[in-house]
Amino acid sequence: MKRALFPGSFDPITLGHFDIIKRGVKLFDEVIVAIGINADKNYMFSLEERKHFIEEAFKSHKKVKVVTYKGLTIDFCKEIDAQFILRGLRNPADFEFEKAIAHTNRKLSKIETVFLLTAAKTSYISSSIVRDVIRNNGDYTVLVPDSVHVK
């Protein structure tokens with residue numbers, strides 16, 4: 001079974017993330033969306049909310065699982081027998097950042113990182129932009145899956 005881990009904070013999941021996951025299930029037998037837990041980060045949405053947003057967005061996709069994890073991504077990959085890390089690239093800055101992480105992960109393990117370019121229509125969307133739109137009472141709904149609801 002080809003299993004890929006798609007790690008991130010997903011604060012919140014965006015249409016860009018959604019697109020990468022949907023395309024990832026065409027390449028892998030299973031895509032595990034893994035929400036990393038970082039006690040030092042200040043999130044807009046709770047871990048439970050973020051997990052719920054993703055589970056709802058993919059409730060009809062049997063090949064998508066949503067989990068949380070702590071620690072190194074490669075250690076979690078080994079724990080769940082994921083042979084690949086799936087990452088989306090929006091721009092050259094993303095590539096440079098992700099390339100360094102991918103090289104480090106390959107040095108520390110045999111886990112391959114697979115990069116997918118984001119769709120042109122979602123390449124400008126980031127979770128930080130979505131959070132800024134939400135904070136300023138803008139229409140965030142055009143940037144996220146329908147499952148993301150702000151109270």
Side-chain angles (χ1 to χ4, degrees), residues 3-28 30-77 79-80 82 84-105 111-151:
R3 181 177 289 136
L5 185 81
F6 185 45
S9 58
F10 305 103
D11 188 33
I13 184 173
T14 69
L15 290 177
H17 296 129
F18 187 82
D19 175 62
I20 295 295
I21 297 164
K22 275 184 26 183
R23 290 168 45 216
V25 296
K26 294 175 184 172
L27 303 172
F28 301 101
E30 185 175 57
V31 174
I32 299 178
V33 181
I35 306 168
I37 300 170
N38 183 343
D40 296 333
K41 256 186 148 178
N42 201 4
Y43 297 106
M44 176 175 272
F45 297 97
S46 71
L47 182 62
E48 294 76 23
E49 288 173 310
R50 290 179 280 147
K51 189 170 190 262
H52 177 74
F53 294 157
I54 302 166
E55 288 172 337
E56 279 299 303
F58 289 97
K59 64 184 171 190
S60 64
H61 292 78
K62 305 232 183 291
K63 291 170 67 173
V64 177
K65 305 236 181 318
V66 185
V67 299
T68 62
Y69 77 103
K70 289 182 183 178
L72 289 177
T73 301
I74 55 168
D75 289 343
F76 188 63
C77 284
E79 184 180 319
I80 63 166
F84 304 93
I85 295 172
L86 177 63
R87 299 298 295 158
L89 299 174
R90 294 172 299 177
N91 54 48
D94 278 358
F95 174 73
E96 290 302 324
F97 177 75
E98 294 291 344
K99 180 176 74 166
I101 295 170
H103 283 311
T104 303
N105 287 342
I111 297 164
E112 290 287 349
T113 301
V114 175
F115 297 109
L116 292 180
L117 297 178
T118 56
K121 65 183 178 182
T122 61
S123 64
Y124 65 94
I125 303 172
S126 69
S127 292
S128 57
I129 287 173
V130 173
R131 290 191 304 271
D132 195 45
V133 171
I134 291 169
R135 276 190 212 98
N136 290 286
N137 300 312
D139 183 10
Y140 66 93
T141 62
V142 298
L143 306 171
V144 297
D146 292 339
S147 61
V148 178
H149 300 286
V150 176
K151 298 173 190 169

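These values consider heavy atoms only, across backbone and side chains, with no hydrogens, waters or symmetry-generated copies.
Sorted by first and then second residue, the salt bridge (Lys or Arg N to Asp or Glu O under 4.0 Å) pairs with a member in residues 121-132 read Asp11-Arg131; sequence neighbours excluded. Listed by first then second residue, pairs satisfying side-chain hydrogen bond (donor to acceptor under 3.5 Å, both in side chains) with a partner in residues 30-39 read Arg3-Glu30, Glu30-Lys65, not counting sequence neighbours. Within the structure, ring pair (Phe, Tyr, Trp, His ring centres under 6.0 Å) contacts touching residues 118-149 (residues at least two apart or in different chains) do not occur.
Closest approach of Phe6 and Gly88 over heavy atoms only: CE1-N, 4.1 Å. What you find for Ala34 and Phe10 is that their closest heavy atoms are O-CE1, 3.7 Å. Here the closest non-hydrogen pair linking Ile37 and Lys70 is CB-CG, 3.8 Å. Between Val142 and Asp139, the shortest heavy-atom distance links the atoms CG2-O, 3.5 Å.
The side chain to side chain donor-acceptor pair (under 3.5 Å) search around Ser128 returns Ser126, not counting sequence neighbours. Residues satisfying the salt bridge (Lys or Arg N to Asp or Glu O under 4.0 Å) criterion with Glu49, sequence neighbours excluded, are Lys151. With sequence neighbours excluded, the residues that form a ring pair (Phe, Tyr, Trp, His ring centres under 6.0 Å) with His61 are Phe58. With sequence neighbours excluded, the residues that form a ring pair (Phe, Tyr, Trp, His ring centres under 6.0 Å) with Phe45 are Phe53. Residues that satisfy the salt bridge (Lys or Arg N to Asp or Glu O under 4.0 Å) test with Arg135, not counting sequence neighbours, are absent from this structure. Residues satisfying the side chain to side chain donor-acceptor pair (under 3.5 Å) test with Tyr43, not counting sequence neighbours, are none. Qualifying salt bridge (Lys or Arg N to Asp or Glu O under 4.0 Å) partners for Lys59, counting only residues two or more places apart in sequence or in other chains: Glu56. Take Lys22 and apply the salt bridge (Lys or Arg N to Asp or Glu O under 4.0 Å) test, not counting sequence neighbours, and it matches no residue.
One finds the CD1 atom of Ile80 at 5.0 Å from the CG atom of Leu5 (value rounded to the nearest 0.5 Å). Distance check, rounded to the nearest 0.5 Å: CE of Met44 to OG of Ser127 gives 10.5 Å. For the atom pair Leu86 CG and Ile32 CD1, the distance stands at 11.5 Å (nearest 0.5 Å). Here OG1 of Thr73 is found 6.0 Å from CD1 of Ile85. Values are rounded to the nearest 0.5 Å.
Two residues are said to be in side-chain contact when any heavy atoms from C-beta on lie closer than 4.5 Å; Thr14 and Thr122 fail this criterion. Put simply, the side chain of Ser9 does not reach to within 4.5 Å of the side chain of Ile35, judged on heavy atoms. Proximity of Phe84 to Leu27: side-chain heavy atoms (C-beta onward) are nowhere separated by under 4.5 Å.
Within the 3.5 Å criterion, the main-chain N or O of Thr118 finds no donor-acceptor partner in the side chain of Arg23.
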Pairs under 3.5 angstrom only: tabulate donor-acceptor contacts from the side chains of residues 90-98 to other protein residues two or more places apart or in another chain.
unit_1, atom_1, unit_2, atom_2, d
Arg90, NE, Asp94, OD2, 2.9
Arg90, NH1, Ile125, O, 3.4
Arg90, NH2, Asp94, OD1, 3.2
Asn91, OD1, Ala93, N, 3.1
Asn91, OD1, Asp94, N, 2.7
Asp94, OD2, Arg90, N, 3.0
Glu96, OE1, Lys99, NZ, 3.4
Glu98, OE1, Arg87, NE, 3.0
Glu98, OE2, Arg87, NE, 3.2
Glu98, OE2, Arg87, NH2, 2.7

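Just one of Ile20, Ile21, Leu89 meets the side-chain contact (heavy atoms from CB on, under 4.5 Å) condition when paired with Leu116; it is Ile20. Val33 pairs in a side-chain contact (heavy atoms from CB on, under 4.5 Å) with only one of the listed residues (Ile13, Thr68, Ile54), which is Ile54.
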